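For reference, the structure is listed below as C-alpha cells.
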Amino acid sequence: MPRYQPSRIEPKWQAWWDAHGTFATSRLPAAGRRKAYVLDMFPYPSGDGLHVGHPEGYTATDIVVRFERMRGTSVMHPMGFDAFGLPAEEHAIRTGTPPRESTDRNISTFRRQLKMLGFSYDWSREIATTDPEYVRWTQWIFLVLFDTWFDPAERRGRPIADLPIPTEVAARGPAAVGSYRDAHRLAYQSEAPVNWCPALGTVLANEEVVGGVSERGGHPVVRIPLRQWMLRITAYADRLEQDLDGLSWPESIKKLQRDWIGRSTGAELDFFLPAAGDDAAAGHVAWTRRRAETGFPAEASADVLRVYTTRPDTLWGATFMLVAPEHPLVERLTIPERRAAVAAYRETAAQKSDLDRTDLAREKTGEFTGSHAINPLTGQPVPVWVADYVLATYGTGAIMAVPAHDERDFEFAATFGLRIATVVEPADGSAAAVGPFTGRGRAVGSGPYDGLETAACIERVTADLTAAGLGRPAVNYKLRDWLFSRQRFWGEPFPILHEVDAEDRLTGSIEAVADAELPVPLPPLTDFRPGNTPDPPLARAARDWLYVERDGRRYRRETNTMPQWAGSCWYYLRFLDPRNADRFVDPAVEQAWMPVDLYVGGAEHAVLHLLYSRFWHKVLYDRGHVSQPEPFDRLVNQGMILGEMEFTGYRAGGGGWVPADRRGDADAPVRLPAEQVEKRGEHFVLRDMPQVRVESRAYKMSKSRGNVVNPDQVVKDFGADSLRLYEMFMGPLEATKPWSTAGVGGVRGFLDRCWRLVVDERAEEVALAPQVVDDAPNDALLRELHRMVDKVTRDIQSLSFNTAIARMMEFVNVCTPLDRRPRTLLEPFVTVLAPFAPHLAEELWELLGKPAPVSLAPWPTVEERWLRDDTVEIPVQVQGKLRGRIVVPAGADATALQAAAAADPKIAELLAGRTIAKVVAVPGRTVNFVLANPGAGP
RNA sequence: GCCGGAGUGGCGGAAUGGCAGACGCGGCGGACUCAAAAUCCGUUGCCCGCAAGGGCGUGUGGGUUCAAGUCCCACCUCCGGCACCA
C-alpha cells in the first residue's frame, strides 16, 4: 500500500518548510561564513503560466543553493516577477480588464506553480516590478541618471551640479544653463524617429516592423520624429566593454556583448567643400593653410565634410564621398539641377525603417548631389553622393568611399560607374582577385606612403593629418544611446515635470519630481486603447493627475512610460533589502551580498538585459550607491527545451508520399507516430515504404504547434521531484534538448527505487524496509558510497547535474539487491539526494528517524582513503589496438607495467617473433607495444 | 554573407589525448504470478562466427601522435544570433 506518492509528500514538506521558515535568509550573511548570492532571471508572469523552460534554470540554481546551505554557506536566493509589459496591456485593450488585475492574477498562478516545484526561495523577499514601492525606486534610479553627467576626463558619471558651465553659456542666464545641463545628462530628451503605425495607433519596435508594414496586421508604418527619452549608455561603452574581461561569463556571451558594443578605431577626417563658383583649388589651399594654424576643430564647420574611417591608409583610393540621406549638409551640397532627384531620394529613404534599409537593399541606391569635396591628401576633387546605406546615426553620417577596398563601396561604384583606384596590395604579392581587396597589405598608388604596411600606414596617415589639423584619431561604437520611452500605459511613469504656461503650452523647462513625492503612480484609466496620434495613453489621464503646481509654477507630467527593461535593470539589488522604505538598498546589506555569485537565465537576454543592467549598475557605482562595478560575477545560460521529437512525412496533392528531401511547397506535412517510421542509414523512412524519407526533428514549443508541455500536468502525473530530476537529467544545462515524457517516467522509476530502498512497500502502514539494518557497511560499500558522494559533490560545483544523477542511480543499483542495507549507507545517500529531490529526501529522512529537515543537514564528508584503489586494471595495446587487460598494483611504474603486460599470455603470444620498436607505458593509463615489423608474421 | 554552438547506438546522453557508448528510455530473454500489471535479474553498437575469436565503428576527407570522439587543416549538415556600423 504505501507506495511512493508525490502528491501526498510534496505538499506536506512544502507546508513544513513554509511553517518553519526553513529557507528564510538573514539580513546579512552569517559571520565567518561564505556567502552565495544565487539568482534566477525572474520571469514575466504571462497568462499562460509557467513553461517547462522556467524550471530548468530554477532547478539548477535550487540544487546549488540547497547544496551550499548544507555546506554551511549563507545563501541568498530570491524570486520575483518582471510584471510590466505589453501582453497585459494588450489583454486590457481586448477585454477592458485593468492590467494590474490580470498581472496580479498571473503572478498568483506563477507563485503557486513555483511553490509546487519546491524551490527553496526566501519568499519573504518576493517583489514585482509593478509594486508601487518598487516603482518608487525605479523612478528614483531614473532620477539618479537624470542627475548625472559623464565626465570624459575621469571616465565616470558625476553629479550634474559639478558640470562645468562654459562662461558664454553662463552669460546667457539660468535658462541657458538649464538647457546646457539637460543636454549633458545621462537621461536626456531627443527627437528620435519612431515607427508609427497609424492603423494600430501605436509606436512599434524595430522588430515589429517587417518590410515596411506592421508584423501583426500588415499595416503601413511611417517613420516620424517624436520627442523621446534617451539614456546615454554610449558614454559607458568603453567601460562596459573592458570590464567584461574580469567576469566569469561564457566567452560566447562576452563576444556577443563586445560585438554589440562594436568598438572600432580609426580617424575622423575633413574634406574641404569649395563654395559654389569659387576656385576650388585656391580655396582648398587657403583652407589647408588656415587649418595648419587652428588645428582640427571639435565641431565640423559647414565648409567641410567630416568622415569617419577605420582605414585612413586608403585615403588615396577615396574616389567619391557618400552622405546619409539625413545628413545636415545634404541641402547645401545639392546643386539646383539635382535638387528634385535628391529630394525624392531622401523622401523614399525616410519612409523606410532601419530594418528595411538594411534588409531589402540588395541593390545599392543613391543620387549624385552635384557637388565635389577635396581629398585632404591628394587635393583632388571627388564627387559627393547621397546613399541610404550610409547611416546617419553612425560615425559622422558621411564616409569616404574606397571602392577598391570595401565591398559596399565597390558595389556602389559598380552600380553607378564610378572610378575605382587600387591603393593596397596583398603583402604576399598574390594576384588581385575579382572584386575589392579588403584585407591588409602594402600601400601602392599612395604617393609618399607607397610600400608601407597597412598598420604602419594607418598610423602615418593619421599622424600626418593630425599634425596638419585635417584629422584626428577617433573611436566609434555600434552601440547607440538607449531609447528609453514608450508610448504605453503599463510601465513606470517618468518622474519628470514639464513646465507649462497659462495656456498649457510647454515652456521647454523640465523638473525632476522630488524624491519625497515618489512614486509617481499610474493614473486610473478605463480605456487603454492607443489613440490616433502618437500621444501616449497617459496623455488622456484626468487633469488632476496630468497637471501639478509646484512653487507657484504649473507643470504637466511626462506621459511616456519606461520600457520593460527598466524594472529588470536593478531587481537583484532590491531583493537584498526588499522592504526598505528609506533607501533602494541598505549600503551595508549591499556590500555584504553583492555581487551576484551565480546568475542563471536564458541566452535571449545575452545582450540587452545584461548590458542595460550593467550600465545602470555602473552609474549607481559612480554615484556611490553600490560598492561593486559589476553586478553579475558568474553567468550561465540554460539551454532551450524543445518539444517532443516529431516525425513528419509529406503528401503530394494526389495523396501519394513525397520523400522529405524532395518535397515542394505544395506538399502537405503529416505528423507520423513513431511506430510508422524506422531508421535506414542516415535517415528515417516510412516503415511500409522505405523509399520514402521522413523528416525527424524536435521543434521549439509553441501554442500553434501544440507541443507545449504543461508543468502542472507533469507534476500531476509524475510529481515535482520527477520533473526537477528529469530536467536536470536530460543533458548538460547549457544544451538545447528535446522533451521526452518517457524520460520523465524513467526518472520517476529511479525515485520509486529510492523509495523502496528505504520503505517496505508491502507493509500496510508506512514502515522501514526490513533490509534496513544497523550493520556497519563493508569496505566495498563504503568505497561505493564515498565515490558517489565525491562525484555528486564535484558535479554540483560544475553544474553537471546529469552525471551527478547518473552516479546516484548507479549507487541505488548497487544497493537495491542488498539483503542488508546499513543505515549509515542510506543516510548519506538521502542527504545528497536532497538538493535534487527535496520532498522525497525529507520524507525518507523522517522515516529513517532523523530530525527534519534534511534540507539543512550537513553535507556528508568524503574520506579520501575510500577513493583510492589497491589495484587497477590497465588496457594493453599492440600497435594501438586493444589486445588485453592486466591488473596491477595502483602505484605500478612504467617498468612494472611493461613487465606485467609482456607476461600476459595473450600479449606474449602476439609479441612472439616480433621486434618491439618501442613501448609506451603510462602509469595508471595504458601500455602500448609498437612493433618494428608489424606485417611480418607466421 | 558574418559570428557562435552542435553532429557519438533505435532515442536522450557519458567519456583529464589512453578500454567509445557510463546512466536513463526503448527492445529482447528470464524469475515471480492461475494470468496480467508492478517488481526483480540478465542481455542489448553493427557485421562475420556454433564458439573461441575476429573485423568495423563517434558527420565527410586529410593530417599530427605509440595512441584521436577529443588536437590541427579543409568541407558538409543542423540549430541559434547578427546583418550595409565605413
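None of these values were measured; they are calculated from a predicted model. Throughout, a chain's letter reflects where its sequence line sits, starting with A, and its residues are numbered from 1.
On the P atoms, B:U44 is 15 Å away from B:G53, given to the nearest whole Å. Here the separation of B:G17 from B:G9, taken at their C1' atoms, is 24 Å to the nearest Å. Here, B:G45 and B:A14 have their C1' atoms 15 Å apart, quoted to the whole Å. Between B:A86 and B:A74, the two P atoms lie 26 Å apart (nearest whole Å). Nucleotides B:C66 and B:C71 are separated by 16 Å at their C1' atoms, to the nearest Å.
In this entry B:A35 has no Watson-Crick or G-U wobble partner, no candidate having both defining distances under 3.5 Å. Across all strands shown, B:U60 is found opposite B:A74 as a Watson-Crick or G-U wobble partner, with both distances under 3.5 Å. With both pairing distances under 3.5 Å, B:A67 is matched to nothing as a Watson-Crick or G-U wobble pair. Across all strands shown, B:C19 remains unpaired; no Watson-Crick or G-U wobble contact has both distances below 3.5 Å. Look at B:C82: its Watson-Crick or wobble partner, with both distances under 3.5 angstrom, is B:G1. Partner assigned to B:C40 is B:G30, using Watson-Crick or G-U wobble distances below 3.5 angstrom. Across all strands shown, B:C25 forms a Watson-Crick or G-U wobble pair with B:G10, both key distances being under 3.5 Å.
Regarding contacts with the backbone of B:A86, every side-chain N or O of A:Tyr389 stays at 4.0 angstrom or more from both OP1 and OP2. Taking 4.0 angstrom as the limit, A:Lys918 places a side-chain polar atom (N or O) nearer than this to OP1 or OP2 of B:C66. For B:G80, neither phosphate oxygen OP1 nor OP2 lies less than 4.0 angstrom from any side-chain nitrogen or oxygen of A:Lys255. Between B:G80 and A:Thr736, no contact under 4.0 Å exists linking OP1 or OP2 to a side-chain N or O. Under 4.0 angstrom from either OP1 or OP2 of B:C40 there lies at least one side-chain N or O belonging to A:Arg756.
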>> Counting primed atoms plus P, OP1 and OP2 as sugar-phosphate and everything else as base, spell out the protein contacts along nucleotides 18-30 of chain B at 4.0 Å heavy-atom distance: B, S or - for each nucleotide, 5' to 3'.
In response: BB--BBSS-----

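Residues of residues 305-322 of chain A having a heavy atom closer than 4.0 Å to RNA chain B, listed by number: A:Tyr308, A:Thr309, A:Thr310.
Heavy-atom contacts from other residues, nucleotides or ligands closer than 6.0 Å to CD of A:Glu604 number more than 12.
Between A:Leu269 atom CG and B:A86 atom P there is a gap of 14 Å when expressed in whole angstrom units. Across the protein-nucleic acid pair, A:Met640 atom CE and B:A6 atom C1' stand 13 Å apart, rounded to whole Å. What separates CG of A:Leu733 from P of B:A14 is a distance of 12 Å, to the nearest Å. Between the P atom of B:C40 and the CG atom of A:Asp752 lies a distance of 9 Å, rounded to the nearest Å. Atoms CE (A:Met728) and P (B:G12) sit 18 Å apart, rounded to a whole Å. A:Lys254 places its NZ atom 19 Å from the C1' atom of B:G81, with the value rounded to the nearest Å. Atom CE in A:Met645 sits roughly 13 Å away from atom C1' in B:G9 (whole-Å rounding). The nearest whole Å value for the distance from the CG atom in A:Leu256 to the C1' atom in B:C3 is 8 Å.
Ring planes of A:Trp385 and A:Phe412: perpendicular class, angle over 60° (limits at 30 and 60°). Ring geometry for A:Tyr4 against A:Trp755 counts as tilted: the plane angle lies between 30° and 60°, on a 0 to 90° scale. Between A:His609 and A:His605, the ring planes lie perpendicular to each other; the angle is over 60°, past the 30° to 60° tilted range.
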> Given the rule in the side chain to side chain contact (heavy atoms under 4.5 Å, CB included) test, do A:Met400 and A:Phe320 qualify, once you have shown the distances and angles that lead to the verdict?
Replying inline: CA-CA 6 Å; A:Met400 62 177 212; A:Phe320 56 98; over 6 Å; no

>> Run the side chain to side chain contact (heavy atoms under 4.5 Å, CB included) test on A:Trp260 and A:Leu608 for me, step by step, so that the C-alpha distance in whole Å, both residues' side-chain angles and the decisive distance to 0.1 Å come before the verdict.
In response: CA-CA 9 Å; A:Trp260 189 264; A:Leu608 297 182; 3.7 Å; yes

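Judged by the 6.0 Å distance and 45° axis criteria, A:Arg748 is not positioned over the aromatic ring of A:Phe718. A cation-pi arrangement, defined by a distance under 6.0 Å to the six-membered ring centre and an angle within 45 degrees of its axis, is absent between A:Lys364 and A:Phe416.
A syn base is found at B:G9: its glycosidic angle is within 90° of 0.
Taking CD of A:Glu784 as the reference point, atom CZ of A:Phe829 lies at 11.0 Å (rounded to 0.5 Å).
Backbone-only engagement by A:Arg883 is indicated by non-hydrogen atom pairs under 4.0 Å involving sugar-phosphate atoms exclusively.
A:Arg263 meets the side chain to side chain contact (heavy atoms under 4.5 Å, CB included) test with A:Asp238, A:Glu241, A:Thr265, A:Val475, A:Tyr477; sequence neighbours excluded.
Residues A:Phe684 and A:Phe647 bring their aromatic ring centres within 6.0 Å.
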